[in-house]
Amino acid sequence: MIRSPLRGRDPELVLIRQRVSGALGGRGAVVVVEGRAGLGKTRLLAEAAEIAQSMGLRVGSGVAAAMDQAVPMGALVAAVSPLVDPATRSALPYLREQRYWLLEELEGVLEKLAMKSPLLLCIDDVQWADSALLAALRTLPARLMTFPVVWLVAYRPPQALPELRGVIEGLDQAGADRLLLRPLNDETTAQVVTDVLGAEPDDALREMVQTAHGSPFLLVELLHGLREDGLVHVRPGQAELVGNRLPRRVREGMQQRLDGMSDLARRAALVGSVLERGFSFDQVSMMLGEPVPALLGPIDELVRAELLTEEAGQLVFRHDLLREAVRDTLPASARRSLQRQAVDVLLATGAVPVEVAVQLAASAEPGDAAAVETLREASRAVAASGPGTAADLSRRALELASKDDPLRGTLAAETALLLHAAGRVAEGKEFADRILGEILPAQQEGEVRLSIARMLSLSATARADSGLRALALPHLSAPLRARHFATLVHNYVGEGRFTAARERLSEARDVVDNSGDASAIFTLDLAEAFLEYTTADIGRAREMTEAALRDRHLADEPQRVLLGTRSRFRARGRRPAPAAAWGYRRRGSQPRPSARDLHARRGVVGRDAGPASPALPGVRRRLPARPSARRGWASLTDSELAVVGLVVQGMTNREVAERLLVSPHTVSTHLRHVFEKLELNSRVELATAAARHRVPAR
């Protein structure tokens with residue numbers, strides 16, 4: 001069958017051609033396609049793939065599936081797999097617990113592929129993406145922007161969860177193009193009629209096709225149905241409507257189509273529409289309270305009516321749009337009740353809480369204790385991999401919990417912590433300030449705020465603010481108050497606010513010593529040791545650190561790790577570097593920016609700081625102070641020049657990172673700065689400019 005031309009998408013195709021052409025010149029790009037079901041996203045991606053292939057790009061395509069997430073970032077793996085040799089494909093780590101390594105491996109694979117030939121990667125139906133695929137879309141396009149890789153990502157906004165919306169916003173901020181597919185206008189609709197039927201429509205047919213409301217999918221379905229039913233007569237130059245009725249395929253809209261079926265078939269379609277995309281006879285039976293044998297006829301009726309089909313042993317709607325149309329015929333109250341019932345059926349037939357969480361969140365009513373518990377379980381299940389999603393689920397559970405629900409306090413605490421863990425600090429702070437005091441007694445609120453104050457993933461400012469809020473609470477126990485005082489001084493030090501730390505130190509020392517709390521004493525001793533270090537009294541700082549070490553057996557693990565780092569520096573006979581220790585999240589990780597600022601002020605940044613500053617063990621090379629020039633070759637730092645010298649030799653980001661003993665992400669960041677300063681757009685342009693400037697090879 002000859003495929004009809006793609007109509008009504010000329011501006012979108014022009015932009016896609018431009019980005020594909022840019023890839024031939026060495027430039028990467030990201031294009032995000034959004035639109036409701038049936039508006040032609042999949043067809044546009046297919047057309048883009050043909051354009052790219054005709055222009056010499058290698059193309060990979062993948063589709064995210066809601067019920068098929070056995071392999072992390074499966075859609076991306078599906079797109080990349082055909083482009084690599086079998087050995088590389090089989091070596092990829094596919095297990096869910098290996099998804100971090102899979103992401104790293106895919107980055108390296110794509111770098112090597114792009115060095116050989118420009119790429120187009122088409123990822124469809126991202127609204128069903130798992131957290132691993134979202135992590136890949138959040139990081140890989142930015143890291144690979146200096147390579148000729150064009151990302152074409154399509155999704156449905158109505159089904160997009162907050163985590164996906166955050167990914168899309170991040171791509172926007174990084175310069176992605178956004179294509180919003182809208183319904184076809186009247187002129188384009190008439191063109192599609194001519195393409196499908198081979199003649200221009202008469203006035204009656206023009207009027208009928210308006211019932212498709214500009215949806216390419218429904219329009220084509222309607223036209224094929226008219227031809228199948230003999231309702232249209234095609235003569236030279238014109239297609240005439242000879243029967244003034246809708247074809248069987250769309251039978252006077254979805255409601256009329258359902259009304260024409262048996263009662264049990266109609267009800268089976270309705271309950272099927274609120275289950276998962278794929279559902280079983282058993283699930284329909286449980287929803288309707290009918291035995292399975294009684295459903296054989298009605299289900300067969302739905303299959304013959306082309307609403308349902310069977311895939312992999314499950315019943316599915318032929319298109320998601322049909323499923324949505326059926327579901328939309330339900331009154332809002334009935335739909336909500338059926339969705340809530342469907343959650344119970346899905347759980348009873350083996351679904352886990354995280355699989356039904358979104359539907360449950362939308363359908364449960366306040367006071368639904370079972371829904372509260374299920375949403376909490378789902379939140380805990382995804383907390384490690386997707387704290388943002390977990391926070392939304394936990395927050396919804398709290399909204400549903402009755403005032404006397406014993407889980408309210410726990411949910412409030414967990415939600416506040418998850419919002420901060422997800423990096424949504426402003427939202428988390430607003431939530432904590434508004435909710436915690438209403439639900440939790442002061443002691444429990446103080447414990448939650450202490451956890452936030454100790455989150456090293458947050459800025460020292462945010463941590464200090466949490467501590468100040470807690471210290472304003474009445475009736476805190478002496479040990480908890482002491483821990484907050486000690487942690488506050490700790491955070492002031494980590495922020496570089498040494499004056500504020502000293503102002504609080506005396507009061508903190510009185511409270512901590514009177515409490516006798518070992519953890520508070522340890523934290524404050526370490527903070528005070530660092531303050532001594534800032535006065536250049538290295539001997540005193542070392543003595544205080546050693547004293548704290550003697551009592552560290554009662555300290556918690558993060559504090560032991562910090563001291564262990566400091567102890568290694570001391571044991572090797574080098575000048576102690578408390579700033580590095582205070583900025584570490586774990587042993588050997590990179591310091592936070594505030595720690596780098598402290599290093600710079602104290603003259604212990606590392607190799608790039610100059611000969612008087614020996615490199616610290618376990619600390620990666622650091623950026624030197626930037627030259628005063630802001631543009632041109634004179635503005636590049638030594639680190640950036642080192643990266644350029646290796647990139648122009650044809651190395652990938654990972655190969656450059658291995659040579660310079662830094663991370664691939666650091667290399668990518670250097671390259672972005674280089675491109676900005678030199679006003680370049682691709683590695684090809686960089687190689688040409690470097691040759692003219694005679695940048696030495698490294």
Residues in side-chain hydrogen bond (donor to acceptor under 3.5 Å, both in side chains) contact with Thr461, at least two apart in sequence or another chain: Glu495
For Arg424, all residues meeting salt bridge (charged side-chain N to carboxylate O under 4.0 Å, His left out), sequence neighbours excluded: Asp392, Glu427
Ser61: what forms a side chain to side chain contact (heavy atoms under 4.5 Å, CB included) with it, not counting sequence neighbours? Val59, Cys122
Specify the closest pair of heavy atoms between Arg683 and Met651, including all atoms of both residues, with the distance to one decimal. NH1-O, 3.2 Å
For Val354, the side chain to side chain contact (heavy atoms under 4.5 Å, CB included) test, sequence neighbours excluded, returns Val352, Ala378, Val382
According to side chain to side chain contact (heavy atoms under 4.5 Å, CB included), who are the partners of Leu468, at least two apart in sequence or on a separate chain? Leu488, Tyr492, Arg504
Do Ile123 and Val63 have side chains that get closer than 4.5 Å, going by heavy atoms? no
Taking the side chain as every heavy atom from C-beta outward, state whether Thr669 and Arg672 have any pair of such atoms under 4.5 Å apart. yes
Thr139 versus Leu103: any side-chain heavy-atom pair under 4.5 Å? yes
Grab the two heavy atoms, one from Pro148 and one from Ala114, that are nearest each other, plus how far apart they are. CG-O, 3.5 Å
How far does CD of Glu640 sit from CZ of Phe675, to the nearest 0.5 angstrom? 12.0 Å
Could you list the residues that satisfy salt bridge (charged side-chain N to carboxylate O under 4.0 Å, His left out) with Glu111, not counting sequence neighbours? none
Working to the nearest 0.5 angstrom, can you tell me the gap between Thr146 OG1 and Leu671 CG? 4.5 Å
Using every non-hydrogen atom in the two residues, find where Ala383 and Ala390 come nearest and quote the distance to one decimal. CA-CB, 3.6 Å
Side chain to side chain contact (heavy atoms under 4.5 Å, CB included) evaluation trace for Arg463 with His420: CA-CA 10 Å; Arg463 302 198 308 265; His420 282 82; over 6 Å; no
Among Asp130, Asp125, Asp124, whose side-chain contact (heavy atoms from CB on, under 4.5 Å) with Trp128 holds? Asp125
Partners meeting salt bridge (charged side-chain N to carboxylate O under 4.0 Å, His left out) with Arg165 (sequence neighbours left out): none
In the structure I gave you, are the side-chain heavy atoms of Trp151 and Leu120 within less than 4.5 Å of one another anywhere? no
Can you sort out the partners of Ser379 under side-chain hydrogen bond (donor to acceptor under 3.5 Å, both in side chains), two or more places apart, ordered by chain and number? none
Evaluate the criterion side chain to side chain contact (heavy atoms under 4.5 Å, CB included) for residue pair Val32 and Tyr155; output intermediate values, then yes/no. CA-CA 8 Å; Val32 177; Tyr155 78 106; 3.7 Å; yes
Shortest non-hydrogen contact from Ala690 toward Val648: CB-CG1, 3.7 Å
How far apart are the C-alpha atoms of Val31 and Val153, what are their side-chain angles, what is the distance that settles it, and do they pass the side chain to side chain contact (heavy atoms under 4.5 Å, CB included) test? CA-CA 6 Å; Val31 181; Val153 178; over 6 Å; no
Give me the atom names and distance for the closest heavy-atom approach of Ser385 to Ser131. OG-OG, 3.8 Å
Test side chain to side chain contact (heavy atoms under 4.5 Å, CB included) applied to Ile16 and Leu44, step by step: CA-CA 10 Å; Ile16 289 172; Leu44 181 63; 4.2 Å; yes
Taking 4.0 angstrom as the limit, do Arg9 and Glu47 come out as a salt bridge? no
Around atom CZ of Arg17, are there more than 12 heavy atoms from other residues, nucleotides or ligands closer than 6.0 Å? no
Is there a salt bridge (Lys or Arg N to Asp or Glu O under 4.0 Å) between Lys41 and Glu34 once you walk through the steps? CA-CA 7 Å; Lys41 298 182 296 299; Glu34 62 179 55; over 6 Å; no
Pairwise side-chain contact, Leu152 with Leu121, heavy-atom cut-off 4.5 Å (strictly under): no
Please check this pair: side chain of Lys677 against backbone of Gly632, looking for a donor-acceptor N/O pair closer than 3.5 Å. no
So, using side chain to side chain contact (heavy atoms under 4.5 Å, CB included) as the criterion, who are the partners of Ala689 when residues are at least two apart? Trp633, Leu680, Arg692
Taking side chain as C-beta onward, heavy atoms only, is His670 less than 4.5 Å from Ser639? yes
Leu140 side, atom CG; Leu133 side, atom CG - distance, nearest 0.5 Å: 9.5 Å
Atom pair CD (Glu679) and CD (Glu685), whose distance is rounded to the nearest 0.5 Å: 11.0 Å
What pairs with Ser682 under side-chain hydrogen bond (donor to acceptor under 3.5 Å, both in side chains), at least two apart in sequence or on another chain? none
Are Val643 and Val674 side-chain neighbours, meaning at least one heavy-atom pair lies under 4.5 Å? no
Distance, nearest 0.5 Å, that separates CG of Leu164 from CZ of Arg156: 12.5 Å
Pairs touching residues 135-155 that satisfy salt bridge (Lys or Arg N to Asp or Glu O under 4.0 Å), sequence neighbours left out: Glu104-Arg143, Glu107-Arg143, Arg138-Glu163
side-chain hydrogen bond (donor to acceptor under 3.5 Å, both in side chains) against Arg19, all qualifying residues, sequence neighbours excluded: Asp177
Using only heavy-atom distances, determine whether the side chains of Asn653 and Glu655 contain a donor-acceptor pair under 3.5 Å. no
Nearest 0.5 Å, please: how far is CD in Glu528 from CG in Leu526? 10.5 Å
If only atom types and distance count, is the side chain of Ser466 paired as donor or acceptor with the main-chain N or O of Arg449 below 3.5 Å? yes
List the atom of Ala23, the atom of Pro118, and the distance in Å for their closest heavy-atom pair. O-CG, 3.6 Å
So, Glu50 side chain and Ala46 main chain: donor-acceptor pair closer than 3.5 Å or not? no
Quick check: do Thr637 and Leu641 have side-chain heavy atoms less than 4.5 Å from each other? no
